[in-house]
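Worksheet: the structure to be examined is printed underneath.
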Protein chains: 2
Amino acid sequence: MNDIQDSPFTRKLAGYVTLSPVELEVLEQLHKRRRSFAAGRDLVQQGQSEQAAYILSEGWVCSYKIQQDGTRQIIDFQIPGDFLGLRSVLLRTSDHSFEPVTNIQAVEVLAGDLFQAFSQTPRLANAILWAASRDEAMVVEHLVNIGRRDAGARLAHFLLELGARLALVGMGSRAGFDCPLTQYHLADALGLSAIHVNRVLRQLREDRLLTFRNGHVTFDNRLRLVEIAEFDEAYLDHEGPLLK
Amino acid sequence: MNDIQDSPFTRKLAGYVTLSPVELEVLEQLHKRRRSFAAGRDLVQQGQSEQAAYILSEGWVCSYKIQQDGTRQIIDFQIPGDFLGLRSVLLRTSDHSFEPVTNIQAVEVLAGDLFQAFSQTPRLANAILWAASRDEAMVVEHLVNIGRRDAGARLAHFLLELGARLALVGMGSRAGFDCPLTQYHLADALGLSAIHVNRVLRQLREDRLLTFRNGHVTFDNRLRLVEIAEFDEAYLDHEGPLLK
DNA sequence: CGTCTACTTGAGGGCGCTCAAGACGAGTGG
DNA sequence: CCACTCGTCTTGAGCGCCCTCAAGTAGACG
């Protein structure tokens, strides 16, 4: 029972609502099927109909769509505590694919169990809807990022957001964070070419704004970065449970 | 009671779940506060904390974010039957603004009423979560559109999607639809300049692909458009209620 | 008949693209 | 231990999409 209270997913939900023992028990029930996946092997194929979603407990994943011409758009990255494929359960078809960036551990959640959990504890449904809303807010911010900012601001905003999310689950700080992503991941996420990402990263490094090297991101001048990226972390943050 | 069954919102939800008389009654309760707004006057200001959401019953709205430098990114357009500001109710802060494109009619829904409706009928909560998921799928598609397609494909995809959505609520067909948007709206939605939108529209017209004139969009060669836009309407479509 | 909004067209330039080539480290097998 | 491969990162050259600036047209409305 203490086990479930320590999972990143529970910690995240606990930020939205104060979970009752009954609700923790329901969550415990959902956490039965633990599974591992190797880096690079897709969890859910685009267009495929799936009955299961996953809750990520360890490692990084990206969700993306592939076009016919081979170009890829990464929608979002998932870090521990994040839901994978909630929409594929609700809509019965997955409209994008998931690729583990690193080796990962995840919990499989069947659609039926999820719906049952929802009717048992409506407040849990609220909490999950809440988490999903935060995720959508991030996609929206991502949209603004790609639609209206130049490459430097895009990279700065993306890395600041990632840092803030990681800090919330204890995997980073204002100074920086460990990051397993390649420059190709960044390019596919930001709608740029990998070559241009490389050049812009060099520029940011030379301007003493941020350094991305050897799998680690360091914010050399966080204040200035926040400024050029117009980064506002309000949409990620909140003060304690909003439902009691 | 028949009234509520004919609203675009109910029609949309009825596509996801078969609504029971009790659930229709709960929906009826939500539809008490009917309000009108004039074109151009914002409903919800960015960053402002709001207690209410709206269900659009007539007219067009766009949701957007403004940057400090004045550039605007339109996230999505809402047409009759769509929810406005569901996230602002759940997260207690609105992370973007809503501007009526035309004069509109909407129903105000208070946060408390919504939560109460959810606990009374968990299946209604599911249906709304479902509708929200479809909306998010559209934002994701929008992201791919802006991140990975050139201006011509962007415009084609955007207008095809809009046409498909409107057709679902009886406001358009495969041939075309009435569209109150300006070229500035298109530019702000697609991450382009209005000038370039104009040039690309001319190109599409000269290539006999589509015509956007006098508030009306005509698909001159829908097949070819679907091809160059890689448009797949599966994520908008579904076959009848998925929950019984 | 002036004003305002939306649309249209031209000229020139820059951001980020593609193509091409090379450096560097990690893993693999001879 | 070294050659080979492969993934990732790096840098240069040249070009094109889409930008900005500038100017002008057409229709709506007072």
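It should be emphasised that the depicted structure is a prediction, and the values quoted were computed from it without experimental measurement. The sequence lines fix the lettering, A, B, ..., with proteins before strands; numbering per chain opens at 1.
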Between [N] atom [atom2] and [X] atom [atom1], what is the distance in whole Å?
{"X": "A:N214", "N": "D:dC9", "atom1": "CG", "atom2": "P", "value": "10 Å"}
{"X": "A:L190", "N": "C:dC17", "atom1": "CG", "atom2": "C1'", "value": "16 Å"}
{"X": "A:L201", "N": "D:dT8", "atom1": "CG", "atom2": "P", "value": "15 Å"}
{"X": "B:Q203", "N": "D:dC18", "atom1": "CD", "atom2": "P", "value": "12 Å"}
{"X": "B:Y184", "N": "C:dC4", "atom1": "OH", "atom2": "P", "value": "15 Å"}

Using the ring of each side chain (for Trp, its six-membered ring), is [X] parallel, tilted or perpendicular to [Y], with breaks at 30° and 60°?
{"X": "A:W60", "Y": "A:F177", "value": "parallel"}
{"X": "A:H185", "Y": "A:F77", "value": "perpendicular"}
{"X": "B:H142", "Y": "B:F158", "value": "tilted"}

In this structure, is the centre-to-centre distance between the rings of B:F98 and B:Y54 below 6.0 Å?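 They do not qualify: ring centres at least 6.0 Å apart.
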Check nucleotides 27-30 of chain D for protein N or O atoms closer than 3.5 Å to its own N or O atoms and list the pairs.
none

Looking at B:H31 and B:I55, what are the two nearest heavy atoms and their distance?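 Taking every non-hydrogen atom into account, CE1-CD1, 4.1 Å.
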So which atom in B:A229 and which in B:R149 form the shortest heavy-atom distance, rounded to 0.1 Å?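 Scanning both residues, the minimum pair turns out to be O-NH1, 3.2 Å.
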Quick check on [N]: is either OP1 or OP2 less than 4.0 Å from any side-chain nitrogen or oxygen of [X]?
{"X": "A:R202", "N": "D:dT10", "result": "no"}
{"X": "A:N198", "N": "D:dC9", "result": "no"}
{"X": "A:Q183", "N": "D:dT10", "result": "yes"}
{"X": "B:S193", "N": "D:dC19", "result": "yes"}

Which nucleotide sits closest to the side chain of A:H196: C:dC17, D:dT8, C:dT9?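 Selected nucleotide (nearest to the side chain): C:dC17.
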For the side chain of B:L192, counting heavy atoms from C-beta on, which of D:dC9, D:dC19, C:dA6 is nearest?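 Comparing D:dC9, D:dC19, C:dA6 against the side chain of B:L192, the answer is D:dC19.
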Nucleotide N/O of nucleotides 21-25 of chain D paired with protein N/O under 3.5 Å:
none

Regarding B:G191, tell me which of base, sugar-phosphate or nothing describes its non-hydrogen contacts under 4.0 Å with the strands shown. sugar-phosphate
For B:F231, which residues count as a ring pair (Phe, Tyr, Trp, His ring centres under 6.0 Å) partner, sequence neighbours excluded? B:H157
Taking only Lys NZ, Arg NE, NH1 and NH2, and the carboxylate oxygens of Asp or Glu, determine whether [X] and [Y] approach each other closer than 4.0 Å.
{"X": "B:E161", "Y": "B:R134", "value": "no"}
{"X": "A:D69", "Y": "B:R148", "value": "no"}
{"X": "B:E108", "Y": "B:K32", "value": "no"}

Find the bend of the helix from C:dC1-D:dG30 to C:dG30-D:dC1 as the angle between its two terminal axes (five pairs each), to the nearest 10°.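 Here the helix ends are tilted 30° relative to one another.
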Check against salt bridge (Lys or Arg N to Asp or Glu O under 4.0 Å), B:R165 and B:D82: CA-CA 10 Å; B:R165 287 172 64 189; B:D82 288 345; 2.7 Å; yes
With A:R154, which residues qualify under salt bridge (Lys or Arg N to Asp or Glu O under 4.0 Å), at least two apart? none
Mind listing the residues from residues 145-161 of chain B sitting with a heavy atom below 4.0 Å of DNA chain C? Number order is fine.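 Those residues whose heavy atoms fall under 4.0 Å from DNA chain C, taken from residues 145-161 of chain B, amount to none.
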Please examine the side chains of A:Q67 and A:R72, heavy atoms only from C-beta on, and report whether any two atoms are closer than 4.5 Å. no
So, taking the atom named OG in A:S193 and the one named CD in A:Q183, what distance separates them when rounded to the nearest 0.5 Å? 10.5 Å
